[in-house]
Structure formats: C-alpha cells, structure tokens
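Working notes for the structure below.
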Amino acid sequence: MEKLRIIGGHRLSGNVRISGAKNAVLPILASSLLTSGELVLHNVPNLADVRTMLKLLEGMGVKIDREGETVKLCASNVTSTVAPYELVKTMRASILVLCPLATRFGAARVSLPGGCTIGARPVDQHIQALRRMGADVQIDHGFVDLRCGRLSGRTIVTDMVTVTGTENIMMAAVLAEGRTVIENAAREPEVVDLANCLRAMGARIAGDGTSTIVIDGCEELHGAEHTVIPDRIEAGTFAAAAAATRGDVTLQNVDPEALSVVLDKIREAGAEIETGPDWIRVKMDRRPKAVSIRTEPHPGFPTDMQAQIMALDCVSEGLGRITETIFENRFMHVPELQRLGADIEVEGHTAIVRGVRQLQGARLMATDLRASASLVIAALAAEGESIVDRIYHLDRGYDGMEVKLRALGADIRRFRE
Ligand code: UD1
C-alpha cells in the first residue's frame with residue numbers, strides 16, 4: 001500500500017495550479033448519458049474518482065477518449081443500464097448515473113451506496129423524487145431497480161439540502177415532460193457548473209445557484225463542449241497549508257468568489273490575502289490565530305474544508321470551535337491529529353481545539369478524503385517525520401497533491417512499504 005513520508009517544518013512558497021473540481025466533473029461525466037451526441041470536457045482532473053466514473057460509464061457502453069485534461073464521451077450506443085456494486089462501493093457519487101439512465105432509457109439498476117466512514121448518507125431523496133416523477137423504483141438485493149416511461153415534471157421539495165440529490169433531480173428533469181421545480185435546492189457552484197453544461201447541451205434550466213431551480217423538459221439534448229470549474233476545495237486545502245506553514249503561496253486557475261467564506265476565515269487567522277480574477281495569494285508571516293467555524297450548505301462554510309481548518313487551528317494561538325452540521329461522523333481525523341500532539345476535545349458535533357506551539361511528526365492513518373488532507377497539512381507544520389498511511393483516500397480527490405506540495409518546497413515523498 002502507498003504511503004506519504006513528510007518531513008515537516010518547511011514554509012510553503014511559490015505558485016500552484018489548481019485542477020478542475022471533483023464535485024463538478026463527476027455529475028458532468030454522468031450527464032454524458034443524457035445524449036447520443038458527443039460531450040467534450042476540458043480541465044478534467046486526474047483523480048481516482050474520475051477514473052471510477054469513467055469505468056462505470058465505459059461498462060455501460062459509453063465511448064470514451066481521454067487525452068490529458070480533455071475527455072470526449074459519446075453515449076450513442078449504451079448497452080447496459082447497470083451500475084455494479086464493485087464500482088459503486090468505492091464511490092458514492094456513482095448514484096449520479098441513476099437519473100440520467102432513468103430519464104433517457106427508462107431503466108436503471110444501480111447498486112445502493114452503503115454507509116461510509118463519515119456517516120449513513122442515504123439516497124432516499126433521489127429515490128423519492130424519481131417516484132414523484134412517475135418512476136417505479138424498488139430496492140432489490142442491494143440495488144435500486146428502476147423502470148419508467150417518460151418522467152413527468154413535478155414540484156419536488158427535498159427534506160434537506162442535498163448536493164448530488166439536486167444534481168440527480170436536475171438531470172431527471174431535463175428530458176421529462178413539462179416543468180420541474182426543485183425547492184430547497186443545493187446552491188453549490190458545482191450545481192451551477194452542471195446546469196451550465198446541461199444548458200450547453202440544450203437543456204432549459206433557470207434559478208441554479210438559488211434554492212429554487214426551474215427546469216422545462218426537452219425531447220432530447222445534443223452534444224456540447226464545456227470547461228469544468230476549478231476545485232475550490234483543493235484551492236482551500238492549499239490555502240490552509242500555506243497558512244499553517246507560515247508560507248507565501250499563489251493559487252492559480254481559481255475562482256476567488258467561490259472560496260470567499262474559506263478565505264475570510266484564513267484572513268481572520270492572520271493571513272494576508274490578495275486576489276485577482278483567477279488567482280489568490282495567501283501569505284502568513286506569524287503564528288496563526290485559532291478560528292471557529294460551523295459547516296453549512298453553500299454559501300455557508302463547506303464541510304469539505306472542516307478537517308483542513310481544524311489542522312490549521314491545531315498549530316494556532318488560542319481556541320477554535322469547529323462545529324459539523326452536515327455529517328454525523330466527520331471527526332475521524334481527531335484521534336490522528338491527537339497523535340501529532342494536538343489538543344482537541346470533542347463534545348457532540350463540536351470539536352474544541354486549543355492550539356499548541358509545535359506538533360510532532362508521527363505515524364498516521366487517513367480515514368477519508370478530506371481527513372487525509374488535514375493530516376497532510378498538520379504533518380507539514382509538525383516537527384520531524386510523519387508517515388501517512390492509506391493515501392488512496394487522498395488520491396480520490398487530489399490531483400498529484402504531493403507533486404504540487406514538493407514544488408512549493410515541502411519535503412514529501414510517496415513510497416510503497
Ligand atoms: C456532496 C459532495 C461532498 C460534500 C457533500 C456536502 C459530491 C460528489 N460530493 O456529497 O463532497 O461533502 O455534498 O457538501 O458532490 N442526505 C439524506 N438523504 C439523501 C441525500 C442526502 O439523508 O437522499 C443527507 C446526507 O446523509 C447528509 C446531508 O443530507 O447528511 C447532505 O448530503 P449531500 O449534500 O447529499 O451529500 P453528497 O451529495 O453525497
């Protein structure tokens with residue numbers, strides 16, 4: 001199994017190019033199932049989750065041509081509407097093929113994603129919406145088994161804000177008959193990016209980016225070309241790493257607007273932040289001050305940045321309160337951070353972090369994608385050597401993280417034991 005060896009204590013400095021957004025590209029790849037035309041995507045990051053989605057689509061008969069960061073997909077000859085357990089179990093976002101299959105082919109058999117380390121994460125909202133739109137959906141031997149004629153547009157009010165739920169319902173609605181209104185819709189920039197891609201394919205969608213999305217169904221969609229937005233979570237992770245190591249890093253190919261709540265917190269921690277149209281400079285020349293955050297759906301503080309800000313608080317001055325409201329079990333990184341000498345106490349959904357002057361390198365185990373990123377940040381700021389195990393979690397969502405960090409002056413190597 002591959003691991004990372006990190007010798008901490010080096011200030012990060014220089015420029016880093018941010019890749020395309022994982023959470024935008026996954027639904028957009030799934031949307032290729034909605035048309036027999038060719039979908040050409042640019043700025044596609046090289047991630048394990050992207051490879052899993054491409055494998056899933058290829059297994060259904062989608063023709064895929066990948067060259068660097070450009071991927072061409074053509075679903076003119078789909079031969080299977082099954083998403084097998086072996087692929088779905090490694091990536092919950094596989095559920096995003098359910099609605100495109102339903103609305104274009106009237107049939108789907110998609111393995112139910114199980115629980116995952118950060119919580120139960122059911123997909124009941126996706127299923128309820130499809131039933132309301134006229135689909136017959138059964139749970140059969142661990143699979144969502146679906147049959148339907150043309151889906152009917154409806155008003156769907158989701159019980160909670162769900163990102164992939166909103167995206168799936170939007171994809172069901174683009175080929176449904178009549179108008180669908182999604183109330184309580186997720187407002188994440190990744191939802192907007194999917195809407196932009198679907199519009200380029202001919203879909204009629206309005207209101208994305210707000211909590212009411214209105215979709216008028218079309219008979220069919222056509223091929224299109226689209227560039228995926230930059231990954232705001234990857235950008236936020238590098239910004240937190242720059243602040244924790246008292247570095248000076250310029251993030252390139254980013255949208256500062258999409259990252260404003262995160263940048264506000266890093267600024268509150270004491271960093272100087274400058275932004276341009278597509279770059280952000282984060283400079284920290286003193287010990288950071290601890291900050292408090294509470295995760296919320298967009299435009300609130302993203303849960304996907306919670307662990308990284310906790311790592312920053314671990315080396316800061318003062319006390320920070322980190323409250324997680326989206327997932328019930330997203331503090332798996334706490335015991336690992338404690339192995340580095342962090343002072344953290346968990347009370348229900350809140351972690352109270354008292355910053356220490358110096359963390360000390362240790363052996364660590366990554367437990368999920370963003371937890372891995374927080375361990376890397378803490379290890380970069382710690383004194384001495386850390387080994388981070390199970391980095392396959394990191395590879396799911398970061399494109400060449402250690403290569404990018406090394407170029408910024410970090411002492412970090414991947415090795416196999
Ligand atoms: C997406 C992101 C993930 C991010 C999360 C929250 C992708 C591929 N992943 O995950 O990185 O951490 O949003 O911003 O975009 N829920 C239900 N029933 C449902 C759907 C959701 O109970 O049918 C609950 C979940 O258990 C969770 C909450 O709603 O507690 C929000 O989850 P959701 O927004 O759906 O997360 P994902 O879309 O899976």
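Quick note: residue numbers are just sequence positions, from 1. Note that the coordinates shown come from a computational prediction; the quantities given were computed from them, not determined experimentally. Whatever order the structure lists ligands and atoms in, that order sets their numbers, starting from 1.
Taking 4.5 Å as the limit, every side-chain heavy atom of Tyr392 sits out of range of all side-chain heavy atoms of Glu2. Residues Arg109 and Thr81 are not in side-chain contact: their nearest non-hydrogen atoms beyond the backbone lie 4.5 Å or more apart. Residues Ile344 and Gln338 are in side-chain contact: their nearest non-hydrogen atoms beyond the backbone lie under 4.5 Å apart. Side-chain contact between Thr295 and Thr323: absent, with no pair of heavy atoms (C-beta onward) separated by less than 4.5 Å. Contact of the Thr164 side chain with the Asn23 side chain is not registered, since no non-hydrogen atoms from C-beta on lie closer than 4.5 Å. For the pair Thr166 and Asn168, the minimum side-chain heavy-atom distance is 4.5 Å or more.
Polar contact check, Ala93 against ligand 1: no nitrogen or oxygen pair lies under 3.5 Å apart. The shortest N or O to N or O distance between Ile326 and ligand 1 is below 3.5 Å. Annotation: Thr164 places an N or O atom under 3.5 Å from an N or O atom of ligand 1; distance criterion only. No N or O atom of Glu167 sits closer than 3.5 Å to an N or O atom of ligand 1. By the 3.5 Å distance cut-off applied to N or O atoms, Thr162 is counted among the residues near ligand 1. For the pair Asp124 and ligand 1, the shortest N or O to N or O distance falls below 3.5 Å. For ligand 1, the polar-atom distance check finds no N/O of Lys22 at less than 3.5 Å from any of the ligand's N/O atoms.
A salt bridge does not link Lys404 with Glu402: none of the charged nitrogens is closer than 4.0 Å to a carboxylate oxygen.
In the candidate list Met305, Gln125, Met160, Met53, Gln125 is nearest to atom 23 (O) of ligand 1, counting heavy atoms. Proximity annotation for atom 13 (O) of ligand 1: of Val163, Leu194, Asp49, Asp159, Val163 comes nearest, heavy atoms only.
Shortest non-hydrogen contact noted between Gly20 and Asp231 is O-CB, 3.6 Å.
Close approach of ligand 1 to Thr303 is summarised as follows: ligand atoms under 4.0 Å from at least one heavy atom of the residue are 6 (C), 12 (O), 14 (O). For ligand 1, the atoms closer than 4.0 angstrom to any heavy atom of Val161 are 31 (C), 34 (O). Which parts of ligand 1 touch Arg330 is read off a 4.0 Å heavy-atom cut-off, strictly below it: atoms 12 (O).
Note on ligand 1: Pro122 sits in its first shell, one or more heavy atoms being nearer than 4.0 Å.
Atom CZ of Phe143 has more than 12 neighbouring heavy atoms from other residues, nucleotides or ligands inside a 6.0 Å radius.
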